[in-house]
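All values below were derived from every heavy atom in this structure, side-chain atoms included, with hydrogens, water molecules and symmetry-related copies excluded.
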Amino acid sequence: MDINRFKEVQIGLFNKKFSIEVMPKTAQKVTDFSEILPSKTLVYIAHLEDTNISDMKHTCKRLIDEDMIPMPHIPARILKSFSELEEWVAQYADVGVKRCLLLAGNNKTPKGSLNSSIQLLETGFFEKYGFEYINVAGHPEGNPDIDKSSNLNETLNALMIKNEYSKTTNIKIGITTQFCFDLEPVKNWLITLQDKNINLPVNIGIAGPTKLQTLIKYALICGVGPSISVIKKRAKDITKLLLPFEPTDLIKEINEISFSARFKNVSSVHFFPLGGIEASALFAQNFYKV
């Protein structure tokens, strides 16, 4: 094997920038993001139902001031109207936001007529206000709110529509997945994407370091399915139950598959900091040269 190629395989995704997530309330506890994250780190900002748009906008502005790149969530089902959506997009653009993550949202009942990320895309507001990147959600293990049967047909069909949309816009469209614990369902899903000619870059979501009990709680809330068995198996070992979970093996496996043509869509890793953003930031920088 060529020694230079060997070095590339060893480094792999570890040379690429990771992304991480925060909420406005938890962001207030961080003194300065530039002290815990590398320059130009992509920081997603979760928008919960009770979060005010002014807090989201303030967090975006602060991240830009501290040399980060903000990526606010925009959940369709918490929006009251199309005009409110445009108002949000305009406010984000005013402070320099160029990226966002579009979601349907966790609400069972929409507050208005918007119910899906596809509807958000089709408004044309993001082109109008100069957005450059939009990510949408990926569910390698299915979404219990959408995939009512054991297959992934509904979520895959939604991604096919978004893939087609990406061909009609100058905005770069990507996918960010729900966090996983086992890469096998993700690998199967990535292969299915290629088979269906869905060629959008994929950011694989993983949970940052946290207590095992916390991880199981969030996994059940978020509907992470088959791969949760990996965590439950670990929890049966009392010695491991007392240790914090760290996604070391998962990151190494993602690194390995990133060089396979079968998984060419893999772009980067996104950390869900379930054990705190500082812990995830420190852990990530031990793996990634940025």
Side-chain angles (χ1 to χ4, degrees), residues 17 19-34 36-37 39-138 158 162 165-166 168-176 200 203 205 270-273 277:
K17 290 192 175 184
S19 58
I20 200 164
E21 192 159 309
V22 73
M23 293 184 292
K25 286 184 179 179
T26 53
Q28 292 174 9
K29 300 175 184 178
V30 178
T31 303
D32 189 330
F33 280 92
S34 65
I36 65 169
L37 291 169
S39 173
K40 306 303 180 188
T41 296
L42 185 59
V43 182
Y44 290 57
I45 309 165
H47 192 153
L48 304 182
E49 184 177 4
D50 61 351
T51 303
N52 193 288
I53 185 61
S54 62
D55 293 332
M56 292 290 295
K57 180 180 174 181
H58 172 77
T59 306
C60 288
K61 179 65 167 60
R62 182 190 160 190
L63 285 164
I64 292 171
D65 290 343
E66 295 173 11
D67 204 27
M68 302 295 122
I69 302 173
M71 192 163 192
H73 293 192
I74 301 182
R77 294 174 190 162
I78 69 172
L79 287 156
K80 297 175 183 176
S81 64
F82 284 90
S83 59
E84 184 176 50
L85 169 62
E86 183 170 13
E87 180 185 331
W88 285 15
V89 176
Q91 287 191 53
Y92 284 137
D94 282 345
V95 296
V97 174
K98 299 289 185 182
R99 305 172 183 241
C100 63
L101 173 70
L102 301 186
L103 304 161
N106 294 326
N107 299 41
K108 300 294 182 183
T109 304
K111 286 189 173 182
S113 57
L114 290 161
N115 186 52
S116 71
S117 55
I118 294 171
Q119 288 177 292
L120 302 182
L121 281 172
E122 292 175 343
T123 62
F125 294 152
F126 301 95
E127 287 91 344
K128 178 179 177 180
Y129 290 95
F131 275 61
E132 298 173 355
Y133 296 87
I134 291 177
N135 274 35
V136 295
K162 293 160 189 173
Y165 176 84
S166 72
T168 69
T169 179
N170 290 325
I171 296 176
K172 294 179 175 63
I173 309 294
I175 301 170
T176 302
L200 303 175
N203 307 300
H270 175 66
F271 283 89
F272 289 82
I277 189 168

*Do Ser117 and Leu103 come close enough that some side-chain heavy atom pair is under 4.5 Å?*
no
*Test item: Leu101 and Pro72 side chains (from C-beta on) under 4.5 Å apart, heavy atoms*: no
*Locate the shortest heavy-atom distance separating Val95 from Lys57; write the atom from each residue and the value.*
CG1-CE, 3.5 Å
*Pairs where residues 128-138 contributes a residue and the test salt bridge (Lys or Arg N to Asp or Glu O under 4.0 Å) is met, not counting sequence neighbours*: Glu86-Lys128
*Main-chain N/O of Arg62 paired with His58 side-chain donor or acceptor, under 3.5 Å*: no
*Just by modelled atom types, is the Lys80 backbone N or O under 3.5 Å from a matching donor or acceptor in the Glu84 side chain?*
yes
*asked:* A side-chain contact here means heavy atoms from C-beta on lying under 4.5 Å apart; do Tyr92 and Met56 qualify?
replied: yes
_Using every non-hydrogen atom in the two residues, find where Val136 and Leu121 come nearest and quote the distance to one decimal._
CG1-CD1, 4.5 Å
*For atom CG of Asn170, is the number of surrounding heavy atoms from other residues, nucleotides or ligands below 6.0 Å larger than 12?*
no
*Do other residues, nucleotides or ligands put more than 12 heavy atoms under 6.0 Å from Lys111 NZ?*
yes
*List the steps, then state whether side-chain contact (heavy atoms from CB on, under 4.5 Å) holds for Ile175 with Asn203.*
CA-CA 6 Å; Ile175 301 170; Asn203 307 300; over 6 Å; no
*Does the side chain of Leu79 come within less than 4.5 Å of Trp88's, by heavy atoms?*
yes
*First locate atom CD of Glu66, then atom CG of Asp32, and finally report the distance between them rounded to the nearest 0.5 Å.*
4.0 Å
_Using every non-hydrogen atom in the two residues, find where Pro24 and Thr51 come nearest and quote the distance to one decimal._
CG-CG2, 3.9 Å
*asked:* Any heavy-atom pair between the side chains of His47 and Ile74 that's under 4.5 Å?
replied: no
*So do the side chains of Lys98 and Met71 get within less than 4.5 Å of each other, counting heavy atoms only?*
no
_When you compare the side chain of Phe131 with that of Lys172, does any pair of heavy atoms fall below 4.5 Å?_
no
*Calculate, to the nearest 0.5 Å, the distance between atoms OG and CZ belonging to Ser83 and Phe125 respectively.*
8.0 Å
_Set of side-chain contact (heavy atoms from CB on, under 4.5 Å) partners for Ile69, sequence neighbours left out_ = Lys40, Leu42, Arg99
*Would you check, one step at a time, whether the test side-chain hydrogen bond (donor to acceptor under 3.5 Å, both in side chains) holds for Asp67 with Ser39?*
CA-CA 6 Å; Asp67 204 27; Ser39 173; 2.3 Å; yes
_Candidate list Thr41, Val22, Ile20, test side-chain contact (heavy atoms from CB on, under 4.5 Å), partner Met68, passing option_ = Thr41
*asked:* Working to the nearest 0.5 angstrom, can you tell me the gap between Leu200 CG and Asn135 CG?
replied: 9.0 Å
*Taking side chain as C-beta onward, heavy atoms only, is Leu63 less than 4.5 Å from Asp65?*
no
*ring pair (Phe, Tyr, Trp, His ring centres under 6.0 Å) partners of Tyr44, counting only residues at least two apart*: His270
*What distance separates Lys25 NZ from Thr59 OG1, expressed to the nearest 0.5 Å?*
12.0 Å
*Steps toward side-chain contact (heavy atoms from CB on, under 4.5 Å) verdict (Lys162, Ile118)*: CA-CA 7 Å; Lys162 293 160 189 173; Ile118 294 171; 3.5 Å; yes
*Can you tell me how far the CG atom of Leu102 sits from the CG atom of Leu120, to the nearest 0.5 Å?*
5.0 Å
*After noting the C-alpha distance and the side-chain angles of Ile45 and Cys60, does the key distance pass the side-chain contact (heavy atoms from CB on, under 4.5 Å) rule?*
CA-CA 8 Å; Ile45 309 165; Cys60 288; 3.4 Å; yes
*Under the 3.5 angstrom rule, does the side chain of Thr169 hit a backbone N or O of Ser166 as a donor-acceptor pair?*
no
*Nearest 0.5 Å please: distance from the CD1 atom of Ile78 over to the CG atom of Asp50.*
9.0 Å
